[in-house]
S.K.: 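Quick one: structure below, then a few questions.
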Amino acid sequence: MRKGFCAMPGRPFLQIPGPTNVPERILRAMDRAVIDHRGPEFAGLTKSLLPPLRNVFGTEEGAVILYPTSGTGAWEASLVNVLSPGERILAFNYGHFSALFAQTARNLGYDVDEVPLRWGQALAPEDVEARLRADSAERPYAAVLVVHNETSTGVMSDVAAIRTAIDRVGHDALLIVDTVSSLASIPFAFDAWGVDVALTGSQKGLMLPPGIGIICAGPRALARAEGGGAPRNFFDWRPILRDNANGFFPYTPATLMLFGLREALTMLVEEEGLDAVYARHHRLASGVRAAVAAWGLNNLCEDPARTSDTLTAIVMPEGIDSDAVIRHARERFDLALGVGLGRIKGRVLRIGHIGALNELEVLATLGGVEMALVECGVSLTLGSGVAAAQQQFVKYEVRSTKYEVGQRAALAHTS
Ligand code: PLP
């Protein structure tokens with residue numbers, strides 16, 4: 001042990017909006033001997049992952065592609081397979097990650113129109129529609145980039161409505177959606193919402209360590225990749241799809257992570273069930289939102305109907321530096337909270353409520369946040385946030401909660 005550094009007794013609280021807590025079961029599934037990635041056991045493993053992953057994305061027609069990479073690598077894969085350098089892309093800047101997605105596209109040589117929005121706003125379908133209506137007939141946009149759940153602001157955008165807006169214009173642009181902090185936590189319906197490419201990472205709703213990037217590609221995207229795209233090698237999904245058909249990869253895959261992924265999919269799809277997973281995230285989020293209101297603080301998300309079910313970004317009162325509160329929470333309580341990113345650094349504190357999490361863990365987190373805020377000079381009543389969350393949790397009939405895609409708005413009104 002390093003001198004002067006002593007781990008705090010008890011379990012550390014990792015309540016950043018990803019990486020999330022990895023359940024013991026998943027850790028145990030990965031804690032095993034590495035197997036031959038060209039042998040029959042491995043082929044069986046790969047084949048067992050793809051159908052439930054399609055289920056998680058909500059697709060029957062789409063193909064799922066796994067890469068040993070992070071969300072940033074998945075951004076790159078989502079672009080280079082379907083877009084040729086110089087093609088035009090429509091992007092919106094409504095948070096740190098939507099800005100970085102647009103920057104990734106620029107770095108790869110695409111011609112990106114990046115529309116600035118307020119950080120805290122959702123991406124309005126009307127904005128997408130207006131931009132597409134005004135598009136150039138000679139050189140139209142080849143893709144629209146959307147971040148489903150902006151992890152820096154805690155705002156969810158309505159992907160189904162954005163697809164409807166694109167269809168109203170009759171525009172041919174591909175719809176490319178980042179689901180890094182929404183997949184397997186918030187309803188997502190790849191086929192029903194007409195998404196062309198979706199991307200995610202392993203370290204959030206899928207409850208795994210960071211290290212796997214996942215793409216779902218629909219028929220239009222697959223067709224574009226066959227004849228076009230950018231020069232690419234590692235991220236080229238064509239050889240991966242070819243080899244995956246037999247259960248293999250054209251490179252050495254992250255073998256043990258894939259065992260963890262199988263366990264995570266068993267937990268999410270077979271045991272808890274995706275509807276129950278979504279309902280749990282909604283329930284826990286409603287508790288956190290109630291706590292923020294009880295503290296008299298503001299949620300960075302401007303529209304209560306668009307608040308994220310996987311994280312809450314809380315605006316600090318005047319004179320309070322969120323970095324100081326976060327440092328204090330870590331040092332005093334071994335509680336890790338999300339910092340304000342980019343231009344909202346120091347102004348926002350983010351509570352992650354995504355992944356393997358239950359009511360009691362949320363209550364403990366809220367208790368820690370309350371104490372850290374008070375000790376850093378915020379005036380609030382200790383226990384008020386915890387009590388407000390408890391009120392939310394006892395209201396719910398956990399087992400009977402039926403939560404289907406599209407019911408979120410209705411549930412939001414009752415919470
Ligand atoms: N997109 C979103 C919405 C994210 O939240 C993140 C990371 O948190 C990324 C992309 C980038 O992913 P990574 O950090 O795994 O490269």
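The figures here come from the full heavy-atom set of this structure, side chains too, leaving out hydrogens, waters and symmetry mates. Atoms within a ligand are numbered from 1 in the order they appear, just like the ligands themselves. Since the model is a prediction, treat every value here as computed from it, not as a measurement. The chain is numbered in sequence order, starting from 1.
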S.K.: May I ask you to check if R11 and F13 form a cation-pi contact, with NZ or CZ under 6.0 angstrom from the six-membered ring centre and within 45° of the axis?
M.R.: yes
S.K.: Less than 4.0 Å between a side-chain N and a carboxylate O, is that true for E272 and R280?
M.R.: yes
S.K.: Answer yes or no: is there an ion pair linking R283 with D309, defined by an N-O contact shorter than 4.0 Å?
M.R.: no
S.K.: Does this structure show an ion pair linking D196 with R163, if we count only N-O contacts that are shorter than 4.0 Å?
M.R.: yes
S.K.: Contacts table for ligand 1: protein N or O within a distance under 3.5 Å of ligand N or O, distances only.
M.R.:
{"from": "ligand 1", "atom 1": "1 (N)", "to": "D178", "atom 2": "OD2", "distance (Å)": "2.6"}
{"from": "ligand 1", "atom 1": "5 (O)", "to": "T151", "atom 2": "OG1", "distance (Å)": "2.5"}
{"from": "ligand 1", "atom 1": "8 (O)", "to": "K204", "atom 2": "NZ", "distance (Å)": "2.8"}
{"from": "ligand 1", "atom 1": "15 (O)", "to": "G71", "atom 2": "N", "distance (Å)": "2.8"}
{"from": "ligand 1", "atom 1": "15 (O)", "to": "Q203", "atom 2": "NE2", "distance (Å)": "2.8"}
{"from": "ligand 1", "atom 1": "16 (O)", "to": "S70", "atom 2": "OG", "distance (Å)": "2.6"}
{"from": "ligand 1", "atom 1": "16 (O)", "to": "G71", "atom 2": "N", "distance (Å)": "3.3"}
{"from": "ligand 1", "atom 1": "16 (O)", "to": "T72", "atom 2": "N", "distance (Å)": "2.8"}
{"from": "ligand 1", "atom 1": "16 (O)", "to": "T72", "atom 2": "OG1", "distance (Å)": "2.5"}

S.K.: Does R131, at its CZ atom, have more than 12 non-hydrogen atoms belonging to other residues, nucleotides or ligands within less than 6.0 Å?
M.R.: no
S.K.: Going by side chain to side chain contact (heavy atoms under 4.5 Å, CB included), name the residues that satisfy it together with E226, two or more places apart in sequence or in a different chain.
M.R.: R238
